[in-house]
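Notes for the one structure printed next.
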Amino acid sequence: MESDSAMGAFPLLTTPIESNYRACTIPYRFPSDNPRKATPTEIAWIDLFRNSIPSFKKRAESDTTVVDAPTKAEKFAQRYADILDDIKKDPESHGGPPDCILLCRLREQVLRELGFRDIFKKVKDEENTKAISLFPEVVCLNDDIEDGGKRLENLVRGIFAGNIFDLGSAQLAEVFSRDGMSFLASCQNLVPRPWVIDDFDTFKAKWNKKSWKKAVIFVDNSGADVILGILPFARELLKCGTQVVLAANDLPSINDVTYPELIEIISKLKDESGKLIGVDTSNLLIANSGNDLPVIDLTRVSQELAYLASDADLVILEGMVGFSHNPADFT
């Protein structure tokens with residue numbers, strides 16, 4: 001990860017940042033809670049992370065880049081389980097009290113200490129290859145929708161469908177291991193509107209009224225998520241004349257796409273004239289967010305991203321890539 005001196009706050013956060021933003025929106029505890037006793041919410045989230053250990057262990061066992069991977073995978077599972085037990089007994093241990101960022105960071109720390117750098121690399125490469133082959137079909141299906149509002153909704157539904165490829169979730173990892181993931185089937189199986197949180201009509205109204213100058217999109221997972229969900233949407237923004245900045249992780253974490261991987265993906269998708277299925281990409285930029293986790297603290301992004309985002313008028317946070325204390329910061 002980039003050094004602390006190379007990191008800074010995302011420039012569009014409402015100031016003063018300390019009172020307007022926190023990196024995790026779900027409060028695990030309140031000031032009145034006993035600091036030495038885990039809250040019910042903390043226990044629930046600790047158990048959630050514990051439930052993911054078997055799928056992470058399985059990925060680590062098959063990592064051919066690590067010598068004696070099965071033994072080290074077992075050590076990872078035991079060490080991380082012990083850490084979670086410690087935090088459950090004493091929430092202030094291991095840098096607590098815990099939140100989603102701390103629980104993710106501790107997991108990555110144990111993996112990296114044992115030599116595991118990218119245990120999801122194989123499945124990411126496989127899913128990227130599949131998604132790249134489907135990209136022209138997905139784009140054409142969207143382009144064939146003449147009504148702009150319906151096309152936009154289809155693109156947004158594609159983002160939702162793609163984001164199901166999230167192997168940080170124990171349940172989704174189990175489904176993927178058993179049945180695989182079908183992007184087109186996921187699109188068809190999405191629940192109908194209205195969604196639980198549904199501001200699409202507001203977004204569509206803004207889309208129809210204005211053309212944004214610059215959009216920053218924090219991408220999430222590899223495979224169908226970024227290739228079949230985000231990139232068709234980004235392409236539509238490019239068609240509208242918007243400059244698009246895609247911000248991706250610096251280092252691998254779960255199956256999130258990294259900055260070098262995203263550069264490679266887009267180079268494979270472009271034709272010989274540098275276009276994405278007929279759309280000019282001169283206004284498409286790829287930025288290293290500086291992040292090394294599947295969640296992000298927007299008070300610590302790379303200087304490169306901070307510079308590129310300083311004049312953005314649209315910011316999109318996809319999946320669990322970022323949490324804003326005040327969602328109105330990015331409308």
salt_bridge(R193, D201) N-O dist < 4.0 Å: yes
From CA spacing to verdict: salt bridge (Lys or Arg N to Asp or Glu O under 4.0 Å), D125, K121: CA-CA 6 Å; D125 288 346; K121 177 64 174 171; 3.3 Å; yes
Flag side-chain contact, heavy atom, 4.5 Å: E92 against R36: yes
Side-chain touch N163/N221, heavy atoms, less than 4.5 angstrom: yes
Any residue meeting side-chain hydrogen bond (donor to acceptor under 3.5 Å, both in side chains) with D63, in chain and number order, not counting sequence neighbours: T65
D313 with K206: basic N within carboxylate O range, under 4.0 Å: no
Partner residues of F135 under the ring-ring contact (aromatic ring centres under 6.0 Å, His included) criterion, sequence neighbours left out: none
Pairing residues for E153 by the side-chain hydrogen bond (donor to acceptor under 3.5 Å, both in side chains) criterion, not counting sequence neighbours: none
Qualifying residue for side chain to side chain contact (heavy atoms under 4.5 Å, CB included) with V219, from D225, I316, V226: V226
Atom pair CD1/CD1 of I159 and I217 - distance to nearest 0.5 Å: 7.0 Å
Single-linkage hydrophobic cluster, 4.5 Å side-chain cutoff, L103 and I43 together: no
Sequence-distant partners of R117, side-chain hydrogen bond (donor to acceptor under 3.5 Å, both in side chains), two or more places apart: none
Donor-acceptor contact present, side-chain R151 to main-chain I145, <3.5 Å: yes
D256 versus E261, closest heavy-atom pair with distance: O-OE1, 3.9 Å
Ion pair K130/E126, N-O distance below 4.0 Å: no
Polar side chain donor-acceptor pair, D199 to T202, under 3.5 angstrom: no
Closest contact, heavy atoms only, P252 versus K124: CB-NZ, 4.2 Å
Under 3.5 Å: donor-acceptor pair, side chain of T242, backbone of W212: yes
Whether Y28 and W45 hold their rings parallel, tilted or perpendicular, with breakpoints at 30° and 60°: parallel
R22 bridged to D99 by N-O distance under 4.0 Å: no
Sole residue of L298, I230, N249 in side chain to side chain contact (heavy atoms under 4.5 Å, CB included) with F218: L298
Any side-chain donor near an acceptor of the partner, S222 and E127, under 3.5 Å: no
Heavy-atom donor-acceptor pair, R105 side chain to D292 backbone, under 3.5 Å: no
Counterpart residues, side-chain hydrogen bond (donor to acceptor under 3.5 Å, both in side chains), relative to K88 (two or more places apart): D47
K75 bridged to E113 by N-O distance under 4.0 Å: no
Gap between atom CD of E108 and atom CD1 of I254 - 0.5 Å precision: 6.5 Å
Common cluster, V67/L114, ILVMFWY with side-chain heavy-atom separation under 4.5 Å: no
Linked hydrophobic residues, V196 as query - side chain contacts closer than 4.5 Å: I197
F76 and F56 aromatic ring geometry - parallel, tilted or perpendicular at 30°/60° bounds: tilted
Interatomic distance, I286 atom CD1 to E304 atom CD [nearest 0.5 angstrom]: 10.0 Å
Spacing of CD belonging to Q188 relative to CG belonging to L184, to within rounding of 0.5 Å: 7.0 Å
Pairing of K239 and E236 as salt bridge, 4.0 angstrom limit: yes
